[in-house]
There are 2 protein chains.
Amino acid sequence: MPAPAKKTSTKNEPAASASGRSDRLDARVLETLVGYNARRAWLIISSVFSERMAPYGLKQIDFSVLSLLAHNPGATSRQLCTTLDILPPNLVSLVATLDSRGLIERRPHPHDGRAVGLHLTSAGEALVRDAEQTVVQLEADASAQLTARERETLIKLLQKIYL
Amino acid sequence: MPAPAKKTSTKNEPAASASGRSDRLDARVLETLVGYNARRAWLIISSVFSERMAPYGLKQIDFSVLSLLAHNPGATSRQLCTTLDILPPNLVSLVATLDSRGLIERRPHPHDGRAVGLHLTSAGEALVRDAEQTVVQLEADASAQLTARERETLIKLLQKIYL
DNA sequence: TATTGTTATACTCTATAACTATA
DNA sequence: TATAGTTATAGAGTATAACAATA
């Protein structure tokens, strides 16, 4: 289970008032840092994600893998690891679980006997379709304070950092 | 230790070319999500943070606590927990370590016998001064692809989500 | 009765080393 | 020799329950 995610909505106040003991401290220095802000924003979206995706039994990493397989049929574990920046040992049980749930299938790789091509089953395809819609909606709700234009800008700027 | 953070710099290509086996998959759907992008960007900054702050022996949470105490002398554990959205049990050993390193001091709280006021020592103050400068530099480097104006915008938009 | 700080503990996430089977 | 996938495991990070001291 994820973080509390209270979002106590203390807008843009001049921080700690000297009179009267306050709970929230002056965090203005931390709030000038991209890293701090990116993490805090992710934490909020993350908690909404967990709530709304629980019915599907999908965590963020599960959704990422399934969505990737939906658009890259036959991708290998190694390709998933490279794309998502996770380590091979940490993908093994995840893939095994998705397999045992009947959401994906492992087929022998056409050109490489060591590799295994991963494919969505029709159940997996149906689940991803629903899950992707839920994620789009949840993202819209979590970023409701942003206009469509601002949301685009935000994503573009974030990608300038990591892409 | 943090993530690999390769930043393999595959700019804006039309994704998976059909010919020739590629390593990186088509992640265009995930790249439309604020949560995914925020996490990826944070991961990059996070790894730079770990490298550059290792000489100070400070993790991100340590730095957050020390920086908060620098600007909120006498803050309590509970206030730190509320501000940083972490749970009290997880702050205990952290504070104990900073104390045993001689960076902070625990003083009886003036108005509340249960609480403990946390204060930086002069060694702590000196360390925070250096560390804050390093963080500012590291942030500038990590977001070097952004103009000053873009960086401000990015932070403002992230705060619209979590603040 | 409620709150601050604490202990103990469990669960998840992330990381490393080492193995196997194919290339 | 190098790579794909796997096993086992260790270390962070994050969560809950329960307690003592104080309000």
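Residue numbering restarts at 1 for every chain, and letters A, B, ... go by the order of the sequence lines. Note that the structure is a prediction, hence the values are computed from the model and not measured.
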Item to complete: Indicate whether OP1 or OP2 belonging to dT12(C) is found under 4.0 Å from a side-chain N or O atom of K59(A).
Response: no
Discussion item. For a 4.5 angstrom cut-off between non-hydrogen side-chain atoms, does D141(A) reach R52(A)?
Written reply: yes
Discussion item. On DNA chain C, does the nearest nucleotide to N90(B) precede the nearest nucleotide to S77(B) from the 5' side, or the other way round? Give the residue.
Written reply: S77(B)
Worksheet item: Rounded to whole angstrom units, what separation is found between the NE2 atom of H109(A) and the C1' atom of dT6(D)?
Response: 18 Å
Worksheet item: CZ of R39(B) versus P of dG13(D): gap in Å, rounded?
Response: 13 Å
Discussion item. What is the separation between atom CG on L84(A) and atom P on dA15(C), rounded to the nearest whole Å?
Written reply: 13 Å
Discussion item. With heavy-atom distances below 4.5 Å as the criterion, would you say the side chains of H109(B) and T76(B) are in contact?
Written reply: yes
Worksheet item: Does a donor on one side chain sit under 3.5 Å from an acceptor on the other, for T97(A) and R101(A)?
Response: no
Worksheet item: Please give, in whole Å, the distance from dT6(D) C1' to L80(A) CG?
Response: 16 Å
Fill in: Nearest-angstrom distance from the residue atom CH2 of W42(A) to P of dC13(C)
9 Å
Discussion item. Is it the case that the side chain of R40(B) and the backbone of L163(A) share a donor-acceptor pair, with hydrogens and angles ignored and the cut-off at 3.5 Å?
Written reply: no
Item to complete: Give a yes or no on whether V29(A) and Y56(B) share a hydrophobic cluster (residues Ile, Leu, Val, Met, Phe, Trp, Tyr; joining criterion: side-chain heavy atoms under 4.5 Å apart).
Response: no
Discussion item. Taking only side-chain N and O atoms of R78(B), does any of them lie within less than 4.0 angstrom of OP1 or OP2 on dA2(C)?
Written reply: no
Item to complete: Please report, rounded to the nearest Å, how far the P atom of dT7(C) is from the CG atom of L87(B).
Response: 16 Å
Practice prompt. Nearest whole angstrom, please: distance from the P of dT12(C) to the CG of L43(A).
Written response: 18 Å
Worksheet item: Nearest-Å distance, CD1 (I61(B)) to C1' (dG13(D))?
Response: 10 Å
Discussion item. So if I define the base as every atom that isn't primed, P, OP1 or OP2, how would nucleotides 17-23 of chain D read as a B/S/- string at a heavy-atom cutoff under 4.0 Å?
Written reply: B---BBS
Practice prompt. Indicate yes or no: at least one non-hydrogen side-chain atom of Q79(B) is less than 4.5 angstrom from one of N72(B).
Written response: no
